[in-house]
Protein chains: 2
Amino acid sequence: MSYALSGARPIGTETRARVMAAIKELGFERNAAARSLAARRSHVLALVLPTVAGGLSGTLGEFAQAASQTARDAGYHLVIWPFDREEHAEVRDLVRQGQADGVLVMEVSLHDERIDALLASQVPFTMIGRTAELDGRSWVDIDFERTLTDAVDHLADLGHTTIAFVNHSQHSLDTGYGPTVRARDAFHAAAVARGIHATDVTSDESPLAGRLTTSAILDERPETTAFVTMNETATFGVTQALRDRRLRVPDDVSVLAVVTSPEVGAMYHPPLTTMRAPGHELGRRSVEELLAALEGTAPREAPRLVTCALSPGASTGPAPRR
Amino acid sequence: MSYALSGARPIGTETRARVMAAIKELGFERNAAARSLAARRSHVLALVLPTVAGGLSGTLGEFAQAASQTARDAGYHLVIWPFDREEHAEVRDLVRQGQADGVLVMEVSLHDERIDALLASQVPFTMIGRTAELDGRSWVDIDFERTLTDAVDHLADLGHTTIAFVNHSQHSLDTGYGPTVRARDAFHAAAVARGIHATDVTSDESPLAGRLTTSAILDERPETTAFVTMNETATFGVTQALRDRRLRVPDDVSVLAVVTSPEVGAMYHPPLTTMRAPGHELGRRSVEELLAALEGTAPREAPRLVTCALSPGASTGPAPRR
DNA sequence: GCGCTTCGTCGAAGCGCTTCGATGGTTTAG
DNA sequence: CTAAACCATCGAAGCGCTTCGACGAAGCGC
C-alpha cells in the first residue's frame with residue numbers, strides 16, 4: 001500500500017487505482033506518527049525564531065508564506081516554532097527527538113550559540129543570515145553590501161553629498177548581529193566610493209529613539225540632506241524629527257528606508273521610498289537549501305545572497321540647492 | 001522506563017534516579033514519533049492562521065508567546081501552522097493524521113467553513129473569536145462590546161458629542177467577520193446610551209483608505225471632534241488626514257485606537273491613546289480551553305471574554321469649545 | 001525451449017515507545 | 001499468624017506504518 005502512494009517501487013496502474021478508491025471510500029488517513037517512526041523522517045521543517053513577541057513584520061509573513069509553499073511542494077510541512085534565543089538545547093532536541101527533520105534558523109548573529117549547538121549535534125539546518133564562520137553551514141541572506149551600495153548610489157545620483165545612516169540598535173552591533181555590522185560597513189564603503197560625507201548612528205528600535213537620534217544628527221551636521229534607515233520602528237521617529245524642524249520630505253531632506261516592506265513605507269506621508277526586503281525569495285531559497293541538505297542531493301548552485309529592490313515612493317528627491 | 005519519566009505509576013525514588021542518570025549519560029532522547037504512535041497523542045497543538053502574509057502584528061506575537069508558554073507548561077508544543085483560509089481540509093487532517101492533537105483557530109468569522117469542517121470530523125479545537133453559533137464550541141474572544149463602550153465613555157467623559165468610528169473593511173463586514181460586526185453594533189449602542197452623535201465607516205486596511213475615509217467624514221460632519229479607530233493600518237491615514245487640515249491632536253480632534261498595541265500607538269506623534277488588545281491573556285486562555293477539551297477535564301470556569309485596557313497616550317483630550 | 005532478467009505483489013520484520021497484566025516482595029489489618 | 005492490600009519491577013503486546021526479501025508471472029535473446 002505504501003508503495004502505491006509513494007511510488008518507491010513499480011506498481012500496477014490498476015492496483016494503484018483500486019488502492020486509491022479504497023482509501024477514498026474508507027476515509028483513510030495515513031497516521032503521521034507511524035509514518036515517521038517507520039521511515040525515520042517526520043516530514044516537518046521547523047522555522048525557529050526567537051521571541052515572536054516583537055511582532056512579525058510583513059517581511060516575515062512573506063517569508064513564511066513562500067517557505068511554507070516550497071516545503072509543501074516537496075512533501076514537507078513547514079511549521080513556525082517559537083523559541084527564545086536561549087533555548088539552544090530545545091531547538092536542537094526538536095530534531096534529535098524526531099519532531100522535525102531540519103531547522104531554519106532566523107535572526108542569526110555572527111556568533112550564534114544556537115548554531116553551535118546544532119552543529120555539535122549534526123542537526124541539519126539552514127541559516128537565514130550568516131554567522132562569521134561559514135564552513136559547512138547552509139545559509140541564505142540578504143545582500144547588505146549590494147543593498148547599501150544601491151541606496152547610497154540612488155541618493156548620490158540625486159546630488160546628495162551628506163548622508164546619514166540610521167542603523168539598528170547599538171546592542172545589536174555589540175552582540176554581533178550580522179545585518180547591523182554588514183550594513184554599517186557597506187554604507188561606509190559605498191560612501192567613500194562616491195565621495196559622500198557619511199554619518200552612521202545606531203538607534204534603539206523605538207520611534208522615540210529614532211527621533212532623538214535624528215535630532216542629534218541635524219544639530220551636529222545641519223548640512224545632512226538624506227537619511228538611509230534600516231530600522232523600521234525608528235524610522236517613524238526620523239520623520240517626526242524632520243517635521244519638528246519644519247523640514248519637508250523630500251524637498252529639504254530625502255529619506256530612504258532599506259530592508260523593509262513597501263507596506264510599511266505606505267504608512268508615511270509622503271509614502272517612503274524603500275528597498276524592499278526580499279522575503280519571498282529568501283523563504284523559497286532557504287527551504288531549497290535545507291531540503292538539499294536533508295535529501296543529500298547536491299545543492300543546485302543558486303545564489304545565496306538576495307538583493308533588495310528599490311521600490312519608488314515619494315520620499316527621495318534631488319538634493320536642495322543651498 | 002516510561003513510568004519513571006511520566007510518573008503514571010509509582011516508582012522507587014532510587015530507581016528513578018538511576019534511570020535519570022543513565023539517560024543523561026547516554027544522551028538519550030525519547031523518540032517523538034514512537035511516543036506519539038504508542039500513546040496516540042502527538043503533544044502538539046497547532047495554531048492555524050490564514051495567510052501570515054499580511055504580517056503578524058505585535059498582538060499576535062504576544063498571543064503566540066503566551067500560548068506557547070502555557071502549552072509548554074502542560075507538556076505540549078505549540079506550533080504555528082500557516083494555512084490559507086480555503087484549506088479547511090488540510091487543517092482538519094492535521095489532527096486526523098495525528099500531526100497535532102488539537103487546533104487553535106484564529107481570525108474566525110461568524111460563519112466559518114474551517115469550523116464546520118472541524119466539527120464534522122470531531123476534531124478538538126478552540127476558536128480565537130466566535131462564530132455566530134456557539135453550541136458545543138470552545139472559544140475565547142475580545143470583549144468588543146465592553147471595549148467600545150469604554151471607548152465611547154472615555155471620549156464622552158471628555159466632553160465629545162460627535163464621534164466617528166473607523167472600522168475594518170467593508171469586505172470584512174460583508175463576510176461576517178465577528179470583530180467588525182460586533183464592534184460596529186457596540187459602538188452604536190454605546191453612543192445611544194451616552195447621547196452621542198455617531199458616525200461609523202468602514203475602511204480598507206491601508207493608510208490611503210483611512211485618509212480618504214477620514215477626509216470624507218470631516219467634509220460631511222465637520223463638527224466631529226473624536227475618532228475611534230479599530231484598524232491599525234488605516235489609522236495611519238486618519239492622522240494624515242487630520243494633519244492635512246491643520247487639525248491638531250488632541251487639541252482639535254481626539255483619536256482613540258482600540259484593539260491595538262501601545263507599540264503601534266508609539267509610532268505616532270503624539271503617541272496615541274489606545275485600548276490594548278489583550279494578546280497575552282487571550283493566548284493563555286485559549287490554550288487552557290483547548291487542553292480542557294483534550295484531556296476531558298471540566299473546563300474550569302473562567303471568563304471567555306477578555307477586555308482591552310485603556311493605555312493612556314497623548315491623543316485624547318477635552319473636546320474643544322466651539 | 002531454457003535460463004535470464006524485469007515487473008508486480010505478498011508477507012513479515014521491525015521502527016521505539018506506552019501500557020497492561022503478572023510477579024514477587026513488603027506492609028497492614030484482623 | 002494469615003489473608004488481604006499495596007508497592008515496585010519485569011516482560012510482552014501492540015501502536016500503524018515503511019521497507020526489504022522472496023516469490024510467481026511475464027518478457028527477452030539464443
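A, B, ... follow the sequence lines: proteins, then strands. Residue 1 opens every chain.
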Participant: In whole angstrom, what separates A:N31's CG from C:dG16's P?
Facilitator: 17 Å

Participant: Remember a base hit wins even if backbone is also touched, and classify A:Q97 as base, sugar-phosphate or nothing at under 4.0 Å, heavy atoms.
Facilitator: nothing

Participant: Give me the bend of the helix from C:dT5-D:dA26 to C:dG30-D:dC1, using the axes of the five pairs at each end, rounded to 10°.
Facilitator: 40°

Participant: When you compare the side chains of B:H280 and B:Q65, does any donor N or O come within less than 3.5 Å of an acceptor on the partner?
Facilitator: no

Participant: List the atom pairs, with distances to 0.1 Å, where a side-chain N or O of residues 117-126 of chain A and a protein N or O form a donor-acceptor pair under 3.5 Å, not counting sequence neighbours.
Facilitator:
| unit_1 | atom_1 | unit_2 | atom_2 | d |
| --- | --- | --- | --- | --- |
| A:S121 | OG | A:A117 | O | 3.3 |
| A:T126 | OG1 | A:S138 | OG | 2.8 |
| A:T126 | OG1 | A:L290 | N | 3.3 |

Participant: For A:E133, which residues count as a side-chain contact (heavy atoms from CB on, under 4.5 Å) partner, sequence neighbours excluded?
Facilitator: A:D135, A:R137

Participant: Set out, line by line, the N/O atom pairs under 3.5 Å between protein and nucleotides 20-22 of chain D.
Facilitator:
| unit_1 | atom_1 | unit_2 | atom_2 | d |
| --- | --- | --- | --- | --- |
| D:dC20 | N4 | A:Y3 | OH | 2.7 |
| D:dG21 | N7 | A:R9 | NH2 | 3.1 |
| D:dG21 | O6 | A:R9 | NH1 | 2.5 |
| D:dG21 | O6 | A:R9 | NH2 | 3.4 |

Participant: Grab the CZ-C1' distance between A:R41 and C:dG14 for me, whole Å please.
Facilitator: 19 Å

Participant: Have B:T307 and B:D143 got a donor and an acceptor in their side chains that come within less than 3.5 Å?
Facilitator: no

Participant: Does a side-chain N or O from A:R35 land closer than 4.0 Å to OP1 or OP2 of D:dT18, or not?
Facilitator: yes

Participant: Given D:dG16, C:dC17, D:dT19, which nucleotide is nearest the side-chain atoms of A:A34?
Facilitator: D:dG16

Participant: For the pair made of CZ in B:R96 and P in D:dG16, what is the distance, rounded to whole Å?
Facilitator: 15 Å

Participant: Could you please name the partner base of D:dC30, counting Watson-Crick and G-U wobble pairs only when both distances are under 3.5 Å?
Facilitator: C:dG1

Participant: Among the nucleotides C:dC17, D:dG16, D:dC17, which one has an atom lying closest to any side-chain atom of B:L37?
Facilitator: D:dG16

Participant: From the options D:dT18, D:dG14, C:dT19, select the nucleotide whose nearest atom is closest to the side chain of B:A39.
Facilitator: C:dT19

Participant: Holding to side-chain contact (heavy atoms from CB on, under 4.5 Å), I want the full list of residues that pass it with A:A309, two or more places apart in sequence or in another chain.
Facilitator: none

Participant: Could you tell me whether A:E289 and A:R304 make a salt bridge, using a distance below 4.0 angstrom between a side-chain N and a carboxylate O?
Facilitator: yes

Participant: Would you please say whether a donor-acceptor pair under 3.5 Å links the side chains of B:Y76 and B:R41?
Facilitator: yes

Participant: Between atom CZ in B:R30 and atom C1' in C:dC17, what is the gap in whole Å?
Facilitator: 9 Å

Participant: Listed by chain and number, what are the side-chain contact (heavy atoms from CB on, under 4.5 Å) partners of B:A33, not counting sequence neighbours?
Facilitator: A:S36, A:L37, B:N31

Participant: How about B:D112 and B:T131: does a side-chain donor come under 3.5 Å of a side-chain acceptor?
Facilitator: no

